[in-house]
Amino acid sequence: MPKEGFVTSITRQSEDFPGWYNDVVLKAELADYSPVRGCMIIRPYGYAIWESMQAELDGHIKRTGHSNVYFPLFVPKSLLEKEAAHVEGFNPQVAWVTHAGGKALDEWLAIRPTSEAIIADSVKDWIQSYRDLPLLMNIWNNVVRWELRTRLFLRTTEFLWQEAHTFHATSEEAEAEVATGLDCYDKVSEEWLAIPVIKGRKTDSEKFPGADFTWCIEAMMRDKKALQAGTSHMLGQNFARAAGIEFLDRDNVRKHPYGTSWGFSTRMVGATIMTHGDDSGLVLPPNVAPVQVVIVPIFRKDEEKAAVAEAIDRFQAVLASTPEGAKVRVKVDWRDDSPGFKYNHWELRGVPFRMEIGPRDVAAGQAMLVKRVDRSKEAVPLEQLAAELPARLRAYQAELFDRARDFRDANTHHVDTYQQLKDGLDGDGGFFLAPWCGGAKCERQVNEETGATIRCIPFDSPAEAGKCVVCGAASERRVLFARAY
RNA sequence: CGGGGCGUGGCGCAGCCUGGUAGCGCACCUGAAUGGGGUUCAGGAGGCCGAGCGUUCGAAUCGCUCCGCCCCGACCA
């Protein structure tokens with residue numbers, strides 16, 4: 001329980017969710033503010049979490065046939081401006097380099113807000129024939145978007161991400177690729193981060209500037225607000241046409257290839273925090289937890305310390321004797337602090353399991369095993385624990401996912417009138433599935449009057465005749481309304 | 001850009017009204033005891049009081065100007 005008077009005490013979620021989030025990020029030492037407004041410093045513990053999801057996603061990207069590449073940080077102004085909708089969408093957020101080498105530049109350089117423009121220009125010479133397609137690339141990089149309001153991990157001026165960029169001979173192939181990208185995100189979110197997501201399509205007003213359409217995954221945070229967790233865009237021929245990319249197809253006709261792009265960012269670290277965390281701090285899914293099991297030795301005298309150390313060594317040796325067990329990330333906390341201090345320290349950092357081993361446990365050949373998520377405590381024989389630990393971590397991972405999914409489902413409601421929607425948003429909040437006519441005007445009205453947006457048109461939303469909650473016109477299916485980050 | 005608030009050791013704050021050589025809690029270092037839910041005690045290190053100008057014998061404190069940050073609004077994925 002958080003106590004007052006300690007530097008590491010954190011705001012309660014129920015009291016002030018954004019305050020809780022900030023406390024956790026700073027006090028669990030995930031990140032820090034930087035001298036540059038809106039930018040963040042990612043500290044070792046936070047970067048380790050990012051690296052874990054990065055490695056997992058990179059595996060999915062490579063298995064689906066994409067190769068990692070690199071393109072420059074700077075985008076010449078003329079290139080960024082080639083695709084009309086793209087410039088219009090990004091211009092307000094672009095940071096420009098106007099001087100270099102002590103002189104004003106002839107042509108300004110944008111610090112990439114995303115790389116569609118420079119990639120489209122660069123690959124036009126690589127694509128001559130349908131045989132050069134598909135071209136499947138991915139970049140891990142940093143981008144800069146000048147934001148008015150920033151939040152650590154969730155929206156920072158500079159952020160780290162991955163952007164996949166692909167080119168295809170046909171529209172059908174490109175559309176299948178949009179699905180491939182979204183599927184990678186779905187898997188990483190649900191299987192690695194234990195964050196249940198809703199897959200769907202963005203409305204036209206929410207789609208990527210320069211895209212024909214955008215697909216996304218949306219997740220519910222513990223304050224019941226929505227967070228866009230990844231987007232996959234069908235770029236059609238827009239960028240290819242703007243950059244003059246052409247290939248000669250089988251039928252001997254010159255055509256523009258179809259493009260896609262999809263991105264997943266450090267925002268997902270924030271999503272992980274806000275999906276699982278509680279009043280004691282982080283609750284990390286074992287897959288991403290830099291430390292999966294922390295061992296807290298308890299002793300008074302030197303003899304006791306030696307006996308405890310020996311028991312820990314033996315436990316670790318047994319654990320390391322199986323391939324699965326050897327991969328478990330264990331940390332033994334020998335620091336000269338009280339056990340209680342260490343419990344709080346590691347709970348704040350979200351370590352899934354804590355093992356307490358003291359003289360009484362050594363005598364009984366056991367350890368006290370405490371689960372972070374519910375603080376349940378259990379005495380387990382050491383040998384048995386070493387054998388079971390990998391399975392227990394898997395079960396813990398599944399438990400977090402189920403818990404998050406149940407929470408989301410319990411806070412997702414069907415509403416049929418505008419009044420119900422407003423009452424719901426102003427009441428307990430959550431996700432609201434409601435009929436919508438498809439009109440941008442009704443969409444805007446809801447946003448202006450309630451602050452909620454259409455998060456997506458869920459793929460699993462069945463065909464259902466209804467009346468738009470705003471204008472009453474015919475609706476074919478329900479869409480997802482929520483207040484969002 | 002409009003409204004409100006705040007800048008004092010790493011963090012959180014007091015001191016300012018009523019000028020007089022900077023203090024507290026946490027964190028940090030040393031030592032001893034302690035150790036199963038934030039452990040004590042003792043000793044210690046650390047501050048151009050956001051910046052500049054002014055008033056004054058003397059400014060963290062009073063005045064003016066500037067800079068920065070936070071919250072709300074506006075804007076924005």
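Order of the sequence lines fixes the chain letters, A, B, ..., with proteins taken first and strands second; residue numbering starts at 1 for each chain.
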>> Could you tell me how far apart A:Glu356 (CD) and B:G35 (P) are, to the nearest whole angstrom?
In response: 16 Å
>> Nearest to the A:Ser338 side chain among B:G37, B:U34, B:U39, which nucleotide is it?
In response: B:U39
>> Checking base pairs now: Watson-Crick or wobble, both atom distances under 3.5 Å. What partners B:C6?
In response: B:G68
> Applying a 3.5 Å limit to both distances, which nucleotide forms a Watson-Crick or G-U wobble pair with B:G19?
Replying inline: none
>> Restricting to non-hydrogen atoms, name the atom on A:Ala482 and the atom on A:Phe431 that form the minimum distance, rounded to 0.1 Å.
In response: CB-CD1, 3.7 Å
> Does anything in residues 440-461 of chain A pair up under ring pair (Phe, Tyr, Trp, His ring centres under 6.0 Å), and if so which pairs, sequence neighbours excluded?
Replying inline: A:Trp215-A:Phe459
> Given that both distances must come in under 3.5 Å, which nucleotide forms a Watson-Crick or G-U wobble pair with B:C49?
Replying inline: none
>> Going by purine N1 to pyrimidine N3 plus the second Watson-Crick contact, or the G-U wobble pair, all under 3.5 Å, which nucleotide sits opposite B:G38?
In response: none
> Could you walk me through whether A:Glu347 and A:Arg354 pass the salt bridge (Lys or Arg N to Asp or Glu O under 4.0 Å) check?
Replying inline: CA-CA 9 Å; A:Glu347 282 176 5; A:Arg354 173 174 84 234; 3.0 Å; yes
> For B:G43, which nucleotide is its Watson-Crick or G-U wobble mate, given both distances must be under 3.5 Å?
Replying inline: B:C29
> What is the distance from CG of A:Asn22 to C1' of B:G12, rounded to the nearest Å?
Replying inline: 15 Å
>> Does the plane of the ring in A:Trp262 sit parallel, tilted or perpendicular to the ring in A:His66? Use 30° and 60° as the thresholds.
In response: perpendicular
>> Should the side chain of A:Arg300 and the base of B:G36 be counted as holding a donor-acceptor pair, with the cut-off at 3.5 Å?
In response: no
> Between A:Phe341 (CZ) and B:G35 (P), how many Å, whole number?
Replying inline: 18 Å
>> To the closest 0.5 Å, what do you measure between CZ (A:Phe74) and CD1 (A:Ile118)?
In response: 10.0 Å
>> Holding to side-chain hydrogen bond (donor to acceptor under 3.5 Å, both in side chains), I want the full list of residues that pass it with A:Lys331, two or more places apart in sequence or in another chain.
In response: none
> Which listed nucleotide (B:G35, B:G36, B:G38) is nearest to the side chain of A:Arg360?
Replying inline: B:G36
>> Starting the side chain at C-beta, find the nucleotide from B:G36, B:G37, B:G35 nearest to A:Asn344.
In response: B:G37
>> For A:Phe299 and A:His345, find the nucleotide of RNA chain B closest to each by heavy atoms; which residue's nucleotide sits nearer the 5' end?
In response: A:Phe299
> Rounded to the Å, how far apart are A:Lys305 NZ and B:G36 C1'?
Replying inline: 17 Å
> With both distances kept under 3.5 Å, what pairs with B:U56, Watson-Crick or G-U wobble?
Replying inline: none
> Does B:G73 have a Watson-Crick or wobble mate here (both distances under 3.5 Å), and if so which one?
Replying inline: B:C1
>> Suppose we screen for side-chain hydrogen bond (donor to acceptor under 3.5 Å, both in side chains). Which residues come up paired with A:Asp426, at least two apart in sequence or across chains?
In response: A:Arg483
> Between atom CG in A:Asp333 and atom P in B:G37, what is the gap in whole Å?
Replying inline: 15 Å
> Nearest-Å distance, NZ (A:Lys27) to P (B:C11)?
Replying inline: 12 Å
> Hey, is the side chain of A:Asp336 pairing donor to acceptor with the base of B:G35 inside 3.5 Å?
Replying inline: yes
> A:Asp409: what forms a side-chain hydrogen bond (donor to acceptor under 3.5 Å, both in side chains) with it, not counting sequence neighbours?
Replying inline: none
>> Without decimals, in angstroms, what is the distance between A:Leu152 CG and B:C69 P?
In response: 15 Å
Any protein N or O atoms within reach of nucleotides 3-9 of chain B? Criterion: under 3.5 Å, listing atom names and distances.
none

> Which class fits the ring pair A:Trp108 and A:Trp96: parallel under 30°, tilted 30 to 60°, perpendicular over 60°?
Replying inline: tilted
> Could you go step by step and tell me if A:Arg444 and A:Glu448 meet the salt bridge (Lys or Arg N to Asp or Glu O under 4.0 Å) rule?
Replying inline: CA-CA 6 Å; A:Arg444 202 177 323 114; A:Glu448 283 167 3; 5.1 Å; no
> Is it true that the NZ or CZ of A:Lys225 lies under 6.0 Å from the centre of A:Tyr485's six-membered ring and within 45 degrees of the ring axis?
Replying inline: yes
Measure all distances between protein nitrogen or oxygen atoms and nitrogen or oxygen atoms of nucleotides 75-77 of chain B, and list the pairs falling under 3.5 Å.
| residue | atom | partner | partner atom | Å |
| --- | --- | --- | --- | --- |
| B:A77 | N9 | A:Arg155 | NH2 | 3.2 |
| B:A77 | N7 | A:Arg155 | NH2 | 3.3 |
| B:A77 | N6 | A:Arg455 | NH1 | 2.9 |
| B:A77 | N1 | A:Glu206 | OE1 | 3.4 |
| B:A77 | N1 | A:Arg455 | NH1 | 2.7 |
| B:A77 | N1 | A:Arg455 | NH2 | 2.8 |

> Counting any heavy atom closer than 4.0 Å, what does A:Arg151 reach on the DNA or RNA strands: base, sugar-phosphate only, or nothing?
Replying inline: nothing
